[in-house]
Amino acid sequence: MAILRPVFYLALLALIIAAPFIFPDFRTQLATLWVFIILSMTWDMTGGQMGYNSLGNILFFGAGMYIAAVVTIALAYDVGEYTNAFGGGTYKFTTTQYFLGMGLGLVFAGLLSAAIAWLMGYLLFQFRGPYFAIGTLGAAIAAGELVSNWEWVGGGQGIALPVYPGDFDVGKLFFYYLFAATGVILFIFLRWLYGTRFAGAINAIRDDEEKAEAMGLHTLRYKQVTWAISAFFVGIVGGISGFQNIHFEPLETAFQTINLGIFMVVCVLLGGKGTLWGPIIGAILFHVIKEVTWNYLLGWQWVALGALIVITVVYFQDGLMGWLARVKPEWFGERVQKKPDLIAEPAE
Amino acid sequence: MKIIEVHDVSKSYGGVKANTDISIDVEKGGITGLIGPNGSGKTTLFNSIVGYHPIDKGSIRFEGNEISKLPVQQIARLGLLRTFQQTRIYGDMNCVQNMLISLPHRKMTLREALTTNTRADHERAEHLLDFVGLYEKRYLRSGSLSFGQQKLLEFAMALMNEPTVLLLDEPTAGINPTLINGLIERLKRANSEFGITLFIIEHNMRVIMNMADRIYCLAHGELLAAGTPEQIQGDQRVVDAYLGAH
């Protein structure tokens, strides 16, 4: 078994690298799948591991998108003039400006989103359960409305970014690998993080926050750090999505509360919250179901998706991994283990 | 040396006076008992000390510093820990996980929290689980354990946290009588070997008379008597309070 693990991960990595060539017609779809996977994994950090169900993580996605775009533009032009001349088309970006802007933009998108989460957490983590969920949802909606009234960043019209400097198909591959790399790094990071004392502490907050406080855990600090790390990755993904979309606007693309904002929650519930693999499996399942209903049940796709959400929430809350843990607890290490004779205490 | 000094503390819930002008001292390194009939205000006093609710008047000092205005987490981080009358553990995790989470985070920086548990942590967790007799069940979901076993686990978690003072709210309630002797033994060892000061609410007279150096008795929210176990046992007011004679 111990040998199988690296083999499994290597095969998986090979599949990730080869996927856009195995399915050349689905490159954009595969890139979108990575967005779902990353958002699900980051949502699960607070929702699954820490017990704080945020309905507003899309705020960091939108924030990342705008921050990355503004940084890229600001490196070459005056942002206000650029957004004002919407469609004027006299603004050219060199290849260096494009990639330098994107690189710096993504760094800022991640860091500033994390800072926003840290500050918001200070206020919102005073609330628990449904109050936290509604509070975060409100914050995300408010952010979308604020940005759509902010003329300096293009108001309701949004921002048009330069297109990828190079071949269109190479651009598709570029974005796929950018998302995939972010996702793989996030996976490796979480696999490590969930083995630390820190993860134990946020699990304790999920299971009984009062007990955790009584045991002297720095509950607020841990909650803020978790959300900030989560927002860091969401901000980066939002930033990449901005460049991939080329043009985006505040309410439907950046701060899309009712689409992506809810989808990431459903993905996690479907796959099983509070597990490393659950959000990934859930995201894949959800994406497939979503695309199938879009293709074969056109006109009814929202009804089908709504039904899926209702069924998951009412009947299948633990998700696939949760169900497995219930049916096969021994797979998850639950067992009676007697003391081995070697370390048994000598008879008194 | 006095480690906890409760001076003239009052607490009422609406019209009900749960504690009236209570003064109690807990000696460092000793075992202090708190007894009294049901509803006499014992748990209220515990909650006041650990910061679960604000007190109406009086002062509470821990190691000489006023703590009556501090919130729960800050008091816990000073090393003043309590267990709950209704046992509280993390039911979905196994015993070892429960133990590892109980490592003293107050002594950790964020950097230290972002490391994996060491071999020594695991060994300490298993040693303490062995200490309370839960070694074999350490990989079982703690929520599936019996109430008595959960109490033992909560006690082990408290020891894992390396507190200076441990406030125990009825540690033997719900525990099988044959296990009680073992628990008394372990509490005494926790006090003598680990040097943890104990402050214990207990209904079982045999248990508390066996362990405590000094006992306080509450009745109707007021301090009725204080003294050594012998003095308390011989105090007619205490006997009357328990038997309901007035």
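Residue numbering restarts at 1 for every chain, and letters A, B, ... go by the order of the sequence lines.
- Residues from residues 211-223 of chain A that place a non-hydrogen atom less than 4.5 Å from a non-hydrogen atom of chain B comprise A:Lys211, A:Ala212, A:Glu213, A:Ala214, A:Met215, A:Gly216, A:Leu217, A:His218, A:Thr219, A:Arg221, A:Tyr222, given in numerical order.
- Contact annotation for B:Leu100: neither backbone nor side-chain heavy atoms come within less than 4.5 Å of a heavy atom of chain A.
- Top candidate by heavy-atom pairs under 4.5 Å with chain B, chosen from A:Ala204, A:Ala201, A:Gly200, A:Gly195, is A:Ala204.
- Partners of B:Tyr13 under the ring pair (Phe, Tyr, Trp, His ring centres under 6.0 Å) rule, at least two apart in sequence or in another chain, are B:His53.
- Of the two parts of B:Asn161, only the side chain, counted from C-beta on, holds a non-hydrogen atom closer than 4.5 Å to a non-hydrogen atom of chain A.
- Per-residue counts of heavy-atom pairs under 4.5 Å with chain A were compared for B:Arg82, B:Gln74, B:Arg141; the largest is that of B:Arg141.
- Salt bridge status for B:Asp121 with A:Arg197: present, with a side-chain N to carboxylate O gap under 4.0 Å.
- Within 6.0 Å of NZ on B:Lys69 lie no more than 12 heavy atoms contributed by other residues, nucleotides or ligands.
- A:Trp277 CH2: more than 12 foreign heavy atoms inside a 6.0 Å radius.
- The ring-ring contact (aromatic ring centres under 6.0 Å, His included) analysis of residues 160-197 of chain B, with sequence neighbours excluded, yields the pairs B:Phe131-B:Phe194.
- If you measure heavy-atom distances from B:Leu110 to chain A, the contacts under 4.5 Å come from both the backbone and the side chain.
- Going from atom CZ of A:Phe198 over to atom CZ of B:Arg111 covers 14.5 Å, rounded to the nearest 0.5 Å.
- Other residues, nucleotides and ligands contribute only 12 or fewer heavy atoms inside 6.0 Å of the OH atom of A:Tyr315.
- For the options B:Thr83, B:Leu81, B:Ile89, heavy-atom pairs under 4.5 Å to chain A are most numerous at B:Leu81.
- Residue-level contacts of residues 119-129 of chain A with chain B do not occur; threshold 4.5 Å between heavy atoms.
- Residue A:Ile205 holds its CD1 atom at 10.0 Å from CD1 of B:Ile101, rounded to the nearest 0.5 Å.
- Per-residue counts of heavy-atom pairs under 4.5 Å with chain A were compared for B:Asn98, B:Asn117, B:Asn94, B:Val72; the largest is that of B:Asn117.
- How far CG of B:Leu114 is from CD1 of A:Ile229: 6.5 Å, rounded to the nearest 0.5 Å.
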